[in-house]
Visitor: 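Submitted below is the structure of interest, expressed as structure tokens.
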2 protein chains.
Amino acid sequence: MTIGSLAEATQTRVETVRWYEKVGLLPPPARSSGNYRLYGPEHLRRLSFIRRGRALGFTVEQIRDLLALADDRDRSCGEVDTIARAHLADVERKLADLTRLASELREVIGQCGCGSVADCRIIEALSPLGEPA
Amino acid sequence: MTIGSLAEATQTRVETVRWYEKVGLLPPPARSSGNYRLYGPEHLRRLSFIRRGRALGFTVEQIRDLLALADDRDRSCGEVDTIARAHLADVERKLADLTRLASELREVIGQCGCGSVADCRIIEALSPLGEPA
DNA sequence: CTTGACCCTGTAGTGACTACAGGGTGCATG
DNA sequence: CATGCACCCTGTAGTCACTACAGGGTCAAG
């Protein structure tokens, strides 16, 4: 299959597929006589893995590690578990941050009576030192 | 005050202060005879505003807009409200995404018995097309 | 007069792509 | 056979919000 069909099959942009190749996530495929990339089912599997990992928020480096581990089928699954748990911890940290952020924003917005900027509660909330200028 | 004290007072890196100046968020301050930047209380207020905005997750462009609005004290607060609400909507979208992500990750991790990679549930969950290689 | 902390400019790197510019290929239609 | 068009190629630069130098200058204390 050409890069276009592979991209379509995996909901990826063509440029992104080429970029995965450049950074070594996707092995260079065979080329046609006209120098087009020609992919097989193995490439489709690997790219699907990458995209699913990205959708789950793994970094490209984490996916690189997971791919290396997945290729070594006899190895214990412990390292995979470690990467996934570290990532979950990271997601949970971001979740906590965003939750705090959202409630702070809601509070700031709730106070705004939408008068003039001079007594805007939002602007005031952003100016921790008191009155501006 | 020098750039170092300003940075310390606002929990900002010196390089970041210079960067805010370069992108036009912070006006260029006076210079000493030795070409050092010399900041006054207005710079401190403005940088505090910027940092608080960043801590609330506003983009630099949003802060640029908010600063322009804040400088125009007679204008109605409506545009400020619009920016803040748009940002809150954005944060809430990310929050929903992350929540879904975290539960998906927890599910994947919970299934892992930590045997060999060949029957690792995590790797399998990342390979939506079935068995690898 | 030297040491060390601070400051200066300018450039390049980060992550994960995205967006061209400037070309070549392949196939169907006139 | 020529032409048009969709697709492909390489390579470079841009995104966001900084961060990290390299290679120098300034200033106060000892």
Side-chain angles (χ1 to χ4, degrees), chain A residues 1-26 28-40 43 46-47 49-67 83 86-87 90-91 94 97-98 101, chain B residues 1-26 28-39 43 46-67 83 86-87 90-91 94 97-98 101:
Chain A
M1 65 203 308
T2 65
I3 197 170
S5 358
L6 181 69
E8 199 185 1
T10 54
Q11 304 278 68
T12 313
R13 287 173 182 268
V14 166
E15 291 95 336
T16 306
V17 178
R18 284 195 284 251
W19 184 77
Y20 287 152
E21 180 181 329
K22 198 166 75 175
V23 299
L25 276 194
L26 207 54
R31 295 289 182 130
S32 76
S33 60
N35 202 30
Y36 283 19
R37 286 171 179 84
L38 292 177
Y39 296 96
H43 286 102
R46 204 172 173 96
L47 182 53
F49 186 103
I50 295 167
R51 295 304 283 178
R52 176 108 177 98
R54 290 291 301 133
L56 285 172
F58 287 95
T59 67
V60 161
E61 280 319 297
Q62 286 173 322
I63 292 170
R64 199 192 299 283
D65 292 347
L66 288 173
L67 278 168
I83 294 173
H87 178 43
D90 206 51
V91 168
K94 278 183 190 140
D97 284 356
L98 267 191
L101 201 69
Chain B
M1 65 203 308
T2 64
I3 197 170
S5 356
L6 181 68
E8 199 184 3
T10 54
Q11 304 277 69
T12 313
R13 285 173 184 268
V14 166
E15 291 95 336
T16 305
V17 178
R18 284 196 284 251
W19 184 77
Y20 287 151
E21 180 181 329
K22 199 167 75 174
V23 299
L25 277 194
L26 209 52
R31 295 289 182 130
S32 76
S33 59
N35 201 30
Y36 283 20
R37 286 170 179 84
L38 292 177
Y39 297 96
H43 285 102
R46 203 170 172 96
L47 182 52
S48 300
F49 187 102
I50 295 167
R51 294 304 284 179
R52 176 107 177 99
R54 290 291 300 134
L56 285 172
F58 287 96
T59 66
V60 162
E61 280 319 297
Q62 286 173 323
I63 291 170
R64 197 191 302 282
D65 292 347
L66 288 173
L67 278 168
I83 293 173
H87 178 43
D90 206 52
V91 168
K94 279 183 190 140
D97 284 356
L98 267 191
L101 201 69

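Chain A is the first sequence line, chain B the second, and so forth, proteins listed ahead of strands; every chain is numbered from 1.
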Visitor: With nearest nucleotides of DNA chain D determined for Asn35(B) and Arg54(B) from heavy-atom distances, which residue corresponds to the more 5′ nucleotide?
Guide: Arg54(B)
Visitor: Show the distances under 3.5 angstrom between N or O atoms of the protein and N or O atoms of nucleotides 20-22 of chain D.
Guide:
{"residue": "dA20(D)", "atom": "OP2", "partner": "Arg13(B)", "partner atom": "NH1", "Å": "3.4"}

Visitor: Once you round it to whole Å, what is the distance between P of dC7(D) and CE of Met1(A)?
Guide: 14 Å
Visitor: Taking CD from Gln11(A) and C1' from dC17(C), how many angstroms apart are they, rounded to a whole number?
Guide: 17 Å
Visitor: Pick out which of Leu25(B), Thr12(B), Val60(B) makes a side chain to side chain contact (heavy atoms under 4.5 Å, CB included) with Trp19(B).
Guide: Val60(B)
Visitor: Does Val17(A) offer a backbone N or O that forms a donor-acceptor pair with the side chain of Arg13(A) under 3.5 Å?
Guide: no
Visitor: dA6(D), OP1 or OP2 - any side-chain N/O from Thr2(A) closer than 4.0 Å?
Guide: no
Visitor: In this structure, how many angstroms lie between the P atom of dT10(D) and the CZ atom of Arg37(A), rounded?
Guide: 4 Å
Visitor: Does the side chain of Leu38(B) come within less than 4.5 Å of Pro29(B)'s, by heavy atoms?
Guide: no
Visitor: Would you kindly give the CG-to-C1' distance between Leu26(A) and dA16(C), to the nearest whole Å?
Guide: 15 Å
Visitor: Angle between the end axes of the helix from dC1(C)-dG30(D) to dG30(C)-dC1(D), five pairs per end, to the nearest 10 degrees?
Guide: 30°
Visitor: Please confirm whether the backbone N or O of Leu56(B) pairs with a side-chain atom of His87(B), one donor and one acceptor, at under 3.5 Å?
Guide: yes
Visitor: Using 4.0 Å as the upper bound for N to carboxylate O, is an ion pair formed by Glu21(A) and Arg18(A)?
Guide: no
Visitor: Once you round it to whole Å, what is the distance between C1' of dA16(C) and CD1 of Ile50(A)?
Guide: 13 Å
Visitor: Do we see a donor-acceptor contact under 3.5 Å between the side chains of Tyr39(A) and Arg46(A)?
Guide: no
Visitor: Counting side-chain heavy atoms from CB outward, which of dC7(C), dT12(D), dC17(C) is closest to Thr16(A)?
Guide: dC17(C)
Visitor: Would you kindly compare Tyr36(B) and Arg31(A) by the position of their nearest DNA chain D nucleotide and give the one closer to the 5′ end?
Guide: Arg31(A)
Visitor: Tell me the closest heavy-atom pair linking Ile63(B) and Gly53(B), and the distance in Å.
Guide: CD1-C, 3.8 Å
Visitor: Tell me whether the OP1 or OP2 atom of dC18(D) has a side-chain N or O from Tyr20(B) closer than 4.0 Å.
Guide: yes
Visitor: Could you grab the distance from atom CD1 of Ile50(B) to atom OG1 of Thr16(B), nearest 0.5 Å is fine?
Guide: 11.0 Å
Visitor: In this structure, how many angstroms lie between the C1' atom of dA17(D) and the CG atom of Leu56(B), rounded?
Guide: 17 Å
Visitor: Ile3(A) has an atom CD1; how far is it from atom C1' of dA6(D), in whole Å?
Guide: 15 Å
Visitor: Whole angstroms only, please: what is the CD-P distance between Glu61(A) and dC17(C)?
Guide: 12 Å
Visitor: Might you point out which heavy atoms bring Ala9(B) and Met1(B) nearest each other, and give the distance in Å?
Guide: CB-CE, 4.4 Å
